Amino acid sequence: MNSKDNIYGTGDGEASSASSTAAATSSELFPSPNSGLPVETDTMKRAAAKKLIERYFYQLIDGCGNSNCDNAYCASSGKVKNLTPNQAAAQAIQLFSQEAKLCDAQPTKVARTQSNLSTKSNENGRSNDGNSRLDSSKISATYNATEPDTGIPKNSRLGSQSSTNSTQGKEVPYINEEKLLKILETCKEESSYSLLIRTLGEVYSSADSLSQSFIKQHPDSPIDAMLDKAPKDLKNLKKEDVRIMEGDLDKDEDSQEVNEEGGECSQSSQSRKSASCPDDLRVDIASLRRAYKALFEVPGSVFESALVHALRTLSGNLEIDLRVFGRAKRDNAEDLLNVFVIVLEIPALGSSEYLEMALPLVCKAASHLPLRLQARLAQIWARHCRTRLKGMLEALQQLITLKVISGQFSRDYCVQDEETITAPTKLMKVVYYANILAGELDPSELRQEDCSAATDDSLLSNISGNKNPRPPQHEDPLGTELQVNVLDSRCPYFPFTEFYNEPLSDAIEMDKDYANYKSDSATSSSQQTKKFSFMNYAFILTPATKTLGLYYDSRIRMYSERRMSFYHSVVGQPANPYLRLKVRRDHIIDDALVELEMVAMENPKDLKKQLVVEFEGEQGIDEGGVSKEFFQLIVEEIFNPDYGMFTFQSETQTVWFNPTSFESDAQFTLIGIVLGLAIYNNIILDVHFPMVVYRKLMGKKGTFYDLEDWNQTLFTGLKGMLEYEADDMEETFVQTFRICYQDVFGTTFFHELKEGGDQIYVCQDNKKEFVELYADFLLNTSVDKQFRAFRRGFQMVTDESPLHLLFRPEEIEQLVCGSKNFDFNELEEATEYDGGYTSDSPIIRYFWDIVHKMTLESKRKLLQFATGSDRVPVGGLSKLKLIIARNGSDSDRLPTAHTCFNVLLLPEYKSKDKLNDRLMKAINYSKGFGML
């Protein structure tokens, strides 16, 4: 008997060593590099650890059978309380980490599912402590109903497997790891791979064969679910880790209500964290990956063509079944999922012949999966294949990029019409949601309801669209099916930016894409006749391209308002086609907010007209540049801490709502309108909100994790409290549920987070509750009145725009504030020249030499002077089309600019020194508008 017999137990009934302990096997599970034993991979270590944990599990549940056992961790000793399966699984993992004592090895048993272990209603009764008792007669019956020597239940489909599976009386060929390894061994001995080629062709060309391949040899136990939630280092578990694992699994179990008729999870009771329905994936992922590893150690040229051809045949048949015959009924749905799981695990999909010939057809077939199966596939990938997600995404990105670069597109035939591009994009959405599910999720309860309800003292309380109800926000069908939203994602498995495809984003003509989006949203066309729009798959688009989609939406609405104004004029009801604001520089806040309040109260729809600003006493005509300066000036005033509406967080250099502000709700509503108008009119602002503001604007409440960029010091302190494990917490922190805070004037206020909070000290049992209540008060409750008014004003302008459809909160920040990358090399490459200047003109070379040597502050002033804004547009300075035009020969005139059109007028100065002097004076002393 070799060393691994001690770990896995004997398979032939032979007894193992009577003194088996975790300490004795630990060195086998985790051999040191100098031990002479092969150093196993993390996957192999975890698999071996799982076998040992299962022994602890059965020892806790069943005992060792020795009536004189004195092991405190064995049920036979009578020292173990009655445990639920989840409690036993959690304690087994903890015992493994402690290398606790193990009794003699148990006979080989089948790892039981939770349905076997936790029985319904009163079959097993309840112990006094509320934990389920396991009926030993029922448990033994579970083991007796297995085939001898195989450990496979008699009623399992696997029990009848030999070399083929039987389906409706027909012998269906299949393959598994053991069979593939034997085939490879035979082929090497015979120096011929014809058997391998024939087998791959036979199995991988048939959905029936592939769906019966790589099937698990035993069902999952509670240990599988528990290990999914366990940290990687099982040897250094903390008590808190075990409590969390056990609690999460209980929550998942409680949320799964089984439908008595169909045996499926009720939609209304699905648990998002456990990926909804009970996991019934029959594919053995670990075995499948080992098989692929062995297969691809053979030179690819030997079997590549056969496998690619088989995949093409399989995909073509699947596409016909799904598109024409609708082959996705309940009886074969799981078989279909098995097929796609096995195929998309192929590690070489993103290379050579697979990428060009097989993957496009696989994607086309997958794109016709019903929504229900797409959701199940995302759940399976999130739980079982998360380490493969990045590889799948890279393969899909390579395919899309290849087709974009090699395709011939025109106005009549766009990328939206190319199915080899749209099909991988549809499959990428499944990967996108799997990435969300595999990461860290916040509860869906944090998504707050619409904030358009009226508040007490606001004059604007009834102007948020009561006459025309706000249209419902776009909900992605797959997200709805999964009961998850991108806002729920605290931290995806890998960054969302990995999904951007720049070549595709550059190739898309967003005007046509927007037209496709509007035509589909306006009609209820069938799935086959729907026009594809990347706006429904916005995760693949760069923020700069999404901004174009938003630009077209706002411009079309502006044109629509102008047309309606014209019609009104024709019938004798003249209306202004623009939203005109006339303000004084010295009273810009009072003038702007008063005029906006009048517009909002009389006709809120006028806010969606094109903004035109006029500064009193100045001759400038607003073609965009005057509006830019207007927003810059009003933002400087509004967010000035002296104004009292916002406070300044010195540590993070951000502004926050003043919870003790004396201003009315109407003022905050009007500021929300200003922010919405800036987005609607494509103007970048110099505002410094923490990220939590943009999350709240999109509809998600602030949480403890949002404190990190709101107040780093406070976040660090609260995080330290959560991580503190000692029992002297009350004496160490001396913190009650009563907190204090200061307003902008330095006045201290006290607030009890719960009733009687001054008498409740924070301890190990309630520290998480304290942190959550503290964060909720700071980010939500204390500023609820001000933020609701602010968000209401924002929504008055943006409610009908596809903002929620296109952008995540991080991208909204870019949209409002612009990029933070001041790369003037990009600006130089993108700049155009007029009036006789070229990139090789001496004055132009002097100009860029001076600009590149400027400080960041001077560069910002130059942008402000030439474009009307010192912000970098979304996508970087390469997206800013600056034009430098010749403005006469050498003279003493200063450079001037048309900020509406981003045109810099530059006289042809005779020397570099004179250019530097004139340019610095122009950018440092410019203010106001006039006519040239």
Side-chain angles (χ1 to χ4, degrees), residues 173 175 180 193-194 196-211 213-214 288-289 291-293 295-324 327 336 338-369 377 385 388-409 413 415-431 501 503-504 507 532 540:
I175 195 169
L180 179 62
Y193 286 91
S194 57
L196 174 65
I197 293 170
R198 187 168 63 252
T199 304
L200 291 178
E202 192 174 19
V203 173
Y204 276 81
S205 62
S206 166
D208 291 333
S209 295
L210 205 54
S211 66
S213 298
F214 299 104
L288 174 64
R289 289 177 179 173
Y292 278 146
K293 183 178 180 182
L295 175 63
F296 282 90
E297 286 175 354
V298 177
S301 57
V302 172
F303 64 86
E304 185 176 84
S305 295
L307 183 56
V308 168
H309 181 73
L311 290 174
R312 288 173 62 84
T313 303
L314 171 73
S315 302
N317 292 336
L318 283 176
E319 184 183 358
I320 292 173
D321 286 342
L322 289 167
R323 176 184 280 183
V324 180
R327 182 184 180 268
L336 268 177
N338 290 354
V339 171
F340 283 106
V341 168
I342 292 171
V343 169
L344 288 164
E345 277 287 324
I346 296 175
L349 275 181
S351 60
S352 62
E353 199 172 350
Y354 296 94
L355 183 68
E356 296 186 31
M357 300 184 65
L359 186 56
L361 295 181
V362 172
C363 291
K364 286 173 70 175
S367 68
H368 295 291
L369 280 172
L377 191 57
C385 310
R388 174 70 184 140
L389 287 176
K390 190 75 175 289
M392 282 191 277
L393 175 62
E394 289 174 352
L396 294 172
Q397 292 281 34
Q398 289 179 44
L399 174 60
I400 292 171
T401 301
L402 175 66
K403 297 302 179 182
V404 167
I405 294 174
S406 60
Q408 300 292 327
F409 302 109
Y413 187 77
V415 289
Q416 293 91 335
D417 303 317
E418 178 56 60
E419 194 173 8
T420 55
I421 293 175
T422 59
T425 303
K426 292 177 181 178
L427 184 57
M428 195 184 292
K429 179 183 276 192
V430 182
V431 179
N501 189 299
L504 174 66
F532 185 90
I540 200 172

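Given the structure is predicted, the values throughout are model-derived calculations rather than measurements.
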Can you tell if the side chain of [X] reaches within under 4.5 Å of the side chain of [Y], non-hydrogen atoms only?
{"X": "Leu336", "Y": "Leu318", "answer": "yes"}
{"X": "Pro424", "Y": "Gln398", "answer": "no"}
{"X": "Glu353", "Y": "Ser305", "answer": "yes"}
{"X": "Leu311", "Y": "Tyr204", "answer": "yes"}
{"X": "Glu304", "Y": "Ser352", "answer": "yes"}
{"X": "Leu200", "Y": "Leu295", "answer": "yes"}
{"X": "Leu180", "Y": "Leu196", "answer": "yes"}
{"X": "Phe409", "Y": "Ile421", "answer": "yes"}

Inter-residue atom distance [X].[atom1] - [Y].[atom2], 0.5 Å rounding:
{"X": "Leu344", "Y": "Leu427", "atom1": "CG", "atom2": "CG", "value": "6.0 Å"}
{"X": "Leu361", "Y": "Thr420", "atom1": "CG", "atom2": "OG1", "value": "10.0 Å"}
{"X": "His368", "Y": "Lys426", "atom1": "NE2", "atom2": "NZ", "value": "6.5 Å"}
{"X": "Arg388", "Y": "Glu345", "atom1": "CZ", "atom2": "CD", "value": "6.0 Å"}
{"X": "Phe340", "Y": "Leu377", "atom1": "CZ", "atom2": "CG", "value": "8.0 Å"}
{"X": "Gln408", "Y": "Tyr413", "atom1": "CD", "atom2": "OH", "value": "11.0 Å"}

Glu418 vs Val415, side chain to side chain contact (heavy atoms under 4.5 Å, CB included): CA-CA, chis, key distance, verdict: CA-CA 5 Å; Glu418 178 56 60; Val415 289; 5.6 Å; no
Phe303 and Phe296 aromatic ring geometry - parallel, tilted or perpendicular at 30°/60° bounds: perpendicular
For [X] against [Y], the heavy-atom pair lying closest together:
{"X": "Ala395", "Y": "Gly350", "answer": "CB-CA, 3.8 Å"}
{"X": "Ser209", "Y": "Val203", "answer": "CB-O, 3.7 Å"}
{"X": "Leu210", "Y": "Ile342", "answer": "O-CD1, 3.2 Å"}
{"X": "Asn317", "Y": "Ser205", "answer": "ND2-O, 4.1 Å"}
{"X": "Leu402", "Y": "Ser406", "answer": "O-OG, 2.7 Å"}
{"X": "Phe214", "Y": "Ala291", "answer": "CE2-CB, 3.6 Å"}

Ser206 (side chain) donor-acceptor with Glu202 (main chain) under 3.5 angstrom: no
